[in-house]
S.K.: 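To start, I am sharing the structure in question, which I have written as structure tokens.
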Amino acid sequence: MAQGGGAKQVKLERESELRIEVGNDAPLKLRLLNGTAEIFGTELPPEIWLTFPPRLKFAVFTWYGATIEMDGSTETDYTADETPNISYVNVHAVLEERRNRAKASPPDDSNSSQPQGPRVIVVGPTDSGKSTLSKMLLSWAAKQGWKPTFVDLDIGQGAITIPGCIAATPIEMPIDPVEGIPLEIPLVYFYGHTTPSNNVDLYKVLVKELAQVIERQFSANAESRAAGMVINTMGWIEGQGYELLLHAIDTFDANVVLVLGQEKLCSMLRDVLKNKPGVDVVKLQRSGGVVSRNAKFRQKSRSHRIREYFYGLANDLSPHSNIANFSDLSVFRIGGGPQAPRSALPIGAEPAADPTRLVPVNINRDLLQTVLAVSFAKDPDQIISSNVAGFIYITDIDLHRKTITYLAPSAGDLPSKYLIAGNLPWLET
Ligand code: ATP
């Protein structure tokens, strides 16, 4: 039921939730009046008004009962008493047990059998609630004092940084329901497109790089190894998408596979993973609250994400406009554009373009209004295996003066002269 402006109170019975879609034009204010409640695993502070931006979709859930007050307009708000949260918190309890066991067992001499916390991967079709379940598991773990690693392999709707990237970051506190994940030190690899089919091989290479870095961090840090990781994946589960899921399970050595809302995917995964000892495949119900988002909405939220990177969630950041000479920067693209699938080639023929070949890009006006990643590489050879420091947005190219004007989160020189172009257009509006 859509609601106009004005404050209203909602009483929630135990184990029920208030599902909200904030209106398109104005934020919504909400506070917890009494009882206890959480948003996707993060507890609400008592009495304090929180402001939720337009279009945000979320639920306020209570284990024992609560009264909520909200002020502002919503697209929808309704109460639901059927949620899968008990089964989700049961999963959390099992993961906790494994973390405690990992922490308690003495390290072994051989690296491979060091005590391990859970390596959870959340899979399922689009709009099954994968990101939401990942957030809940991470926030519940952080509340108990763990610092689990969040790995986001979803290049379509990045939860850690802008779309087109895969990334990982330790979660040190329950995730803020408004601000999301703090962007302090994420480990980010730039893929540059929002669908993996553009360059499946590159996607796999980057997943491998990310996994290797996390593996090194885990072997140096018993605490993060015991806390383990939660991996969020893409909603592409057919054909090549399915192959990529198997690749991720294998590459990260996942030992808990949570399948949301799809019998078929669950039984396929159980079948292929039955010979892998120590991997549990668990089917979980999709929440009825998960909102389906169409292509237009997804496109819009991608743009919002990029805008948020430069300007902040509430326009609270001021990016800097900088000018550089063409000769100060080197732009590369990885791979030679979309590949012809092997199946389209004569038997035995290899695709001509190497999908991970580094191609120098001439600076011209084609780069206008695109987002480029700034690599940490010290040398072009290292670009593919290097993570990125951040992003810039090209606002002007003067061919006559040979200068580029770009927007960056801060003033000063870029950390490296090597930039990676992808296919991330953005209209700064
Ligand atoms: P995709 O694969 O497309 O990235 P997903 O499976 O990760 O999607 P989510 O992002 O978790 O799905 O959920 C989709 C939307 O539904 C999000 O905006 C999320 O905040 C919202 N949502 C999830 N659960 C609930 C709920 N119980 N009540 C209200 N909104 C919800």
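Start at 1 and go down the list; that is how both ligands and their atoms are numbered.
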S.K.: Quick one: pull up CZ in R31 and CG in D71 and give me the separation to the nearest 0.5 Å.
M.R.: 9.5 Å
S.K.: Taking the ring centre of each residue, are F40 and F58 less than 6.0 Å apart?
M.R.: no
S.K.: Can you name the atoms of ligand 1, numbered from 1 with element, that are less than 4.0 Å from a heavy atom of D154?
M.R.: 4 (O)
S.K.: Would you confirm whether S416, through its side chain, and F376, through its main-chain N or O, come within 3.5 Å as a donor-acceptor pair?
M.R.: no
S.K.: Considering non-hydrogen atoms of the protein only, which is the closest contact for atom 16 (O) of ligand 1, and what is the distance?
M.R.: V291 N, 3.0 Å
S.K.: Of all the non-hydrogen atoms in the protein, which one sits nearest to atom 31 (C) of ligand 1, and at what distance?
M.R.: G289 O, 3.3 Å
S.K.: So for ligand 1, is T233 a polar contact partner (N or O within less than 3.5 Å, distance only)?
M.R.: no
S.K.: Check each atom of ligand 1 against the heavy atoms of K130 and keep those under 4.0 Å away; list them by number with element.
M.R.: 1 (P), 2 (O), 5 (P), 6 (O), 7 (O), 8 (O), 11 (O), 12 (O)
S.K.: So for ligand 1, is M234 a polar contact partner (N or O within less than 3.5 Å, distance only)?
M.R.: no
S.K.: In terms of side-chain geometry, is the basic nitrogen of D250 or K204 positioned less than 4.0 Å from the acidic oxygen of its partner?
M.R.: no
S.K.: For residues 81-93, which residue pairs qualify under side-chain hydrogen bond (donor to acceptor under 3.5 Å, both in side chains), counting only residues two or more places apart or in two chains?
M.R.: none
S.K.: Considering only protein heavy atoms, which is closest to atom 27 (N) of ligand 1, and at what distance to one decimal place?
M.R.: E17 OE2, 2.8 Å
S.K.: Tell me whether ligand 1 is touched by F40 - counting only heavy atoms on the residue side and a distance under 4.0 Å.
M.R.: yes
S.K.: Assess S128 for proximity to ligand 1: is some non-hydrogen atom of it under 4.0 Å away?
M.R.: yes
S.K.: R298 versus ligand 1: do any nitrogen or oxygen atoms come within less than 3.5 Å of each other?
M.R.: yes
S.K.: So, for Y406 and Y393, is the gap between ring centers shorter than 6.0 Å?
M.R.: no
S.K.: Is there a heavy atom of K135 sitting under 4.0 angstrom from any atom of ligand 1?
M.R.: no
S.K.: Using a strict 4.0 Å threshold on nitrogen-to-oxygen distance, state whether D127 and R293 make a salt bridge.
M.R.: yes
S.K.: Return yes if a side-chain donor-acceptor contact under 3.5 Å exists between T79 and E17, otherwise no.
M.R.: no
S.K.: Does some non-hydrogen atom of R293 fall short of 4.0 Å from ligand 1?
M.R.: yes
S.K.: Is any side-chain N of the basic residue among E97 and R99 closer than 4.0 Å to the acidic one's carboxylate O?
M.R.: no
S.K.: Tell me: protein heavy atom nearest atom 18 (O) of ligand 1, and distance?
M.R.: K57 CB, 3.7 Å
S.K.: If you define the side chain from C-beta out and look only at heavy atoms, does anything of I166 sit under 4.5 Å from Y191?
M.R.: no
S.K.: Report yes if the distance between the aromatic ring centroids of F310 and W426 is under 6.0 Å, otherwise no.
M.R.: yes
S.K.: Can you name the atoms of ligand 1, numbered from 1 with element, that are less than 4.0 Å from a heavy atom of S287?
M.R.: 27 (N)
S.K.: For atom 9 (P) of ligand 1, what is the closest protein heavy atom, and at what distance to 0.1 Å?
M.R.: T132 OG1, 3.6 Å
S.K.: N/O to N/O below 3.5 Å, does that happen between G129 and ligand 1?
M.R.: yes
S.K.: Return the residue, atom name and 0.1 Å-rounded distance of the protein heavy atom closest to atom 7 (O) of ligand 1.
M.R.: S131 OG, 2.7 Å
